[in-house]
Amino acid sequence: MQTPTPSQHPPEEDAQVTAFVDCSTMRLGDRMACAWMAQLRHRQSGERFALIDRHPVLARDFPLPRYFGETFVDWSEAQIAAAALPEWNMGNLWLTVTNAFAAHPQAGHFETLPPAIAAQARELAASTPAGRPRILIHVLDDAPYNLARRWRRKDADALCDELRQLGAEVIVLNPASAQFIGSFERMLAEMLAADLFIGGDTGPSHVFALLCADRPQLAVYPSMLRDQRNFAAEQASLGLALPWNSLPKRPTLRVIEMKRRRTLIWRGWQPLLRRAGFFDGRDIAHQAMAELAAHTKG
């Protein structure tokens with residue numbers, strides 16, 4: 001289990017802070033894409049970036065400077081204004097990052113990590129029965145912004161059951177819809193303790209891609225053709241070669257595309273008939289174990 005070492009970046013007053021990024025409206029996955037892009041520029045030029053972050057939850061519970069202390073500085077908005085920093089507007093984030101990743105297909109990484117998270121991860125790994133690979137799953141059944149991305153809980157249950165039959169220790173980040181087993185720090189510890197991660201088009205998938213790029217990951221995604229058509233004109237206007245793509249940005253990733261059909265979706269007490277995604281959990285379980293075996297052999 002590899003963990004990031006404490007940051008060795010120079011004092012902030014000596015840092016080359018060239019711009020700020022406003023991540024106030026970014027969800028967790030968007031923040032990881034933003035971090036990957038900023039980290040790339042930092043590696044290339046030594047630049048660092050300040051942040052404006054007014055998100056009601058993530059600004060407090062998952063601030064980027066806590067985990068990317070080489071790339072981002074922890075400045076207040078007053079400091080940003082006093083330095084007269086320009087804003088780095090990444091535009092259509094996933095178009096920008098997808099094309100940048102194609103040109104520089106390298107993994108990102110967490111630069112700093114509180115020691116308590118690494119310690120918790122070691123405890124979790126040590127608690128796993130010998131000979132049983134530890135597989136972490138995030139069930140995406142609570143994404144109201146896009147029904148096509150949602151998993152059916154029964155598909156996820158079949159996946160978990162089959163993995164256990166195949167000899168894996170299975171940990172689900174959200175055993176019930178929108179109910180997580182702990183804080184963001186617990187999520188990071190579970191990821192560091194895992195041998196493989198399975199998730200959908202959601203924040204934890206993107207976090208794992210940067211935190212644990214040395215371990216295998218399966219991405220269970222819907223078709224992105226509709227989104228790519230929606231952004232085709234913008235892609236053409238920017239002269240970008242590749243279409244919009246929201247996959248985690250890491251060099252090795254097994255992608256499994258969900259099928260779609262009309263199904264009954266409950267929104268609160270209201271039943272809705274919508275085209276939603278589904279997959280064969282048993283098949284994905286076998287793909288996961290094959291990915292683990294190939295990774296171990298490699």
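Because only heavy atoms are used, hydrogens play no part in the values below, and waters and symmetry mates are left out as well, while side chains stay in.
Residues satisfying the side chain to side chain donor-acceptor pair (under 3.5 Å) criterion with Arg132, sequence neighbours excluded, are Glu169. With sequence neighbours left out, Tyr221 forms a ring-ring contact (aromatic ring centres under 6.0 Å, His included) with no residue at all. Looking at residues two or more places apart in sequence or on another chain, you find a side chain to side chain donor-acceptor pair (under 3.5 Å) between Ser24 and Asp22. With sequence neighbours excluded, the residues that form a ring-ring contact (aromatic ring centres under 6.0 Å, His included) with Phe180 are His138. Here Thr98 pairs with Lys249 under the side chain to side chain donor-acceptor pair (under 3.5 Å) rule; sequence neighbours left out. Annotation: side-chain contact (heavy atoms from CB on, under 4.5 Å) contacts of Pro56 (sequence neighbours excluded): none. Residues passing the side-chain contact (heavy atoms from CB on, under 4.5 Å) test with Ala35 are Phe68, Phe72, Leu210, sequence neighbours excluded. Every residue was checked against the side chain to side chain donor-acceptor pair (under 3.5 Å) condition with Glu185, not counting sequence neighbours, and none meets it. Remark: Ala209 pairs with Gln217, Pro248, Arg250 by the side-chain contact (heavy atoms from CB on, under 4.5 Å) rule, at least two apart or across chains. Listed by chain and residue number, Ala78, Gln79 satisfy the side-chain contact (heavy atoms from CB on, under 4.5 Å) test with Ser76 (two or more places apart in sequence, or in another chain). Not counting sequence neighbours, Phe20 has no partner by the ring-ring contact (aromatic ring centres under 6.0 Å, His included) test.
Tracing side-chain contacts under 4.5 Å through hydrophobic residues (I, L, V, M, F, W, Y), one never reaches Leu242 starting from Leu247; they form parts of separate clusters. Leu173 and Val57 fall within the same hydrophobic cluster, where Ile, Leu, Val, Met, Phe, Trp and Tyr residues are linked whenever their side-chain heavy atoms come under 4.5 Å apart, directly or through other members. The same ILVMFWY cluster, assembled from side-chain heavy atoms under 4.5 Å apart, contains both Leu28 and Met26. Cluster annotation: Phe278 and Met224 are assigned to distinct hydrophobic clusters (Ile/Leu/Val/Met/Phe/Trp/Tyr, side-chain heavy-atom contacts under 4.5 Å, transitive). Leu124 is not connected to Leu136 by any chain of hydrophobic side-chain contacts under 4.5 Å among Ile, Leu, Val, Met, Phe, Trp and Tyr, and they are in different clusters.
With rounding to the nearest 0.5 angstrom, the CZ atom of Phe208 is 10.5 Å from the CG atom of Leu218. Considering CZ of Arg31 and NE2 of His206, their distance stands at 13.5 Å, rounded to 0.5 Å. Of the inter-residue distances, the one linking Phe231 atom CZ with Leu95 atom CG reads 7.0 Å to the nearest 0.5 angstrom. Here CG of Asn245 is found 9.5 Å from CG of Asn99. Values are rounded to the nearest 0.5 Å. Atom CZ of Phe62 is separated from atom OG of Ser183 by 10.5 Å, given to the nearest 0.5 angstrom. Here the SG atom belonging to Cys212 is positioned 8.5 Å from the CZ atom belonging to Phe110, to the nearest 0.5 angstrom.
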Practice item. Using the side-chain contact (heavy atoms from CB on, under 4.5 Å) rule, take Leu85 and Trp75 through it: C-alpha gap first, then chi angles, then the decisive distance, then the call. Key: CA-CA 11 Å; Leu85 292 180; Trp75 282 10; 3.7 Å; yes
Exercise for review: Step by step, work out the side-chain contact (heavy atoms from CB on, under 4.5 Å) result for Thr252 and His295.
Suggested key: CA-CA 11 Å; Thr252 56; His295 180 78; over 6 Å; no
Point to revise | Steps toward side-chain contact (heavy atoms from CB on, under 4.5 Å) verdict (Leu64, Met32) | key: CA-CA 9 Å; Leu64 290 178; Met32 294 299 98; 3.9 Å; yes
Check your understanding: Does the pair Ile137 and Leu163 meet the rule for a side-chain contact (heavy atoms from CB on, under 4.5 Å), with working shown?
Key -> CA-CA 11 Å; Ile137 297 175; Leu163 284 171; 3.8 Å; yes
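Considering only heavy atoms from C-beta on, Pro63 stays 4.5 Å or farther from Asp74 through its side chain. A 4.5 Å side-chain heavy-atom check between Glu70 and Arg48 finds every atom pair outside the cut-off. Taking the side chain as every heavy atom from C-beta outward, Leu93 and Met37 never approach each other to under 4.5 Å. By the 4.5 Å heavy-atom criterion applied to side chains, Leu159 and Val220 are not counted as neighbours. Under the 4.5 Å side-chain criterion, counting only non-hydrogen atoms from C-beta, Trp94 is not in contact with Asp227. Residues Arg149 and Ser246 are in side-chain contact: their nearest non-hydrogen atoms beyond the backbone lie under 4.5 Å apart. Side-chain contact between Glu162 and His286: present, with at least one pair of heavy atoms (C-beta onward) separated by less than 4.5 Å. Residues Met258 and Asp155 are not in side-chain contact: their nearest non-hydrogen atoms beyond the backbone lie 4.5 Å or more apart.
When every heavy atom of Ala38 is checked against every heavy atom of Met90, the shortest pair comes out as N-CE, 4.5 Å. Annotation for Arg153 and Val172: closest pair NH1-CG1, 4.5 Å, computed over non-hydrogen atoms. Between Val97 and Ala33, the closest heavy-atom pair is CG2-O, 3.7 Å. Of all heavy-atom pairs spanning Glu257 and Ser223, the tightest one is OE2-CB, 3.5 Å. Annotation for Met289 and Pro133: closest pair CE-CG, 4.1 Å, computed over non-hydrogen atoms. Nearest heavy-atom pair across Trp36 and Ala107 is NE1-C, 4.2 Å.
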Return all side-chain donor-acceptor pairs below 3.5 angstrom for residues 189-199, not counting sequence neighbours, or 'none' if the list is empty.
from, atom 1, to, atom 2, distance (Å)
Glu190, OE1, Arg134, NH2, 3.0
Glu190, OE2, Arg186, NE, 2.8
Glu190, OE2, Arg186, NH2, 2.8
Asp195, OD2, Arg134, N, 2.7

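Within a 6.0 Å radius of CD in Gln44, other residues, nucleotides and ligands contribute more than 12 heavy atoms. The number of heavy atoms from other shown groups lying within 6.0 Å of CZ (Arg282) does not exceed 12.
At least one donor-acceptor pair under 3.5 Å links the side chain of His42 to the backbone N or O of Glu47. For Thr296 (side chain) and Leu292 (main-chain N/O), a donor-acceptor pair under 3.5 Å exists by modelled atom type. Not a single donor-acceptor pair under 3.5 Å links the side chain of Gln39 to the backbone N or O of Thr71. For the pair Arg152 (side chain) and Phe279 (backbone), a donor-acceptor distance under 3.5 Å is absent.
When only modelled atom types and interatomic distance are considered, Asp283 and Gln287 share a side-chain donor-acceptor pair under 3.5 Å.
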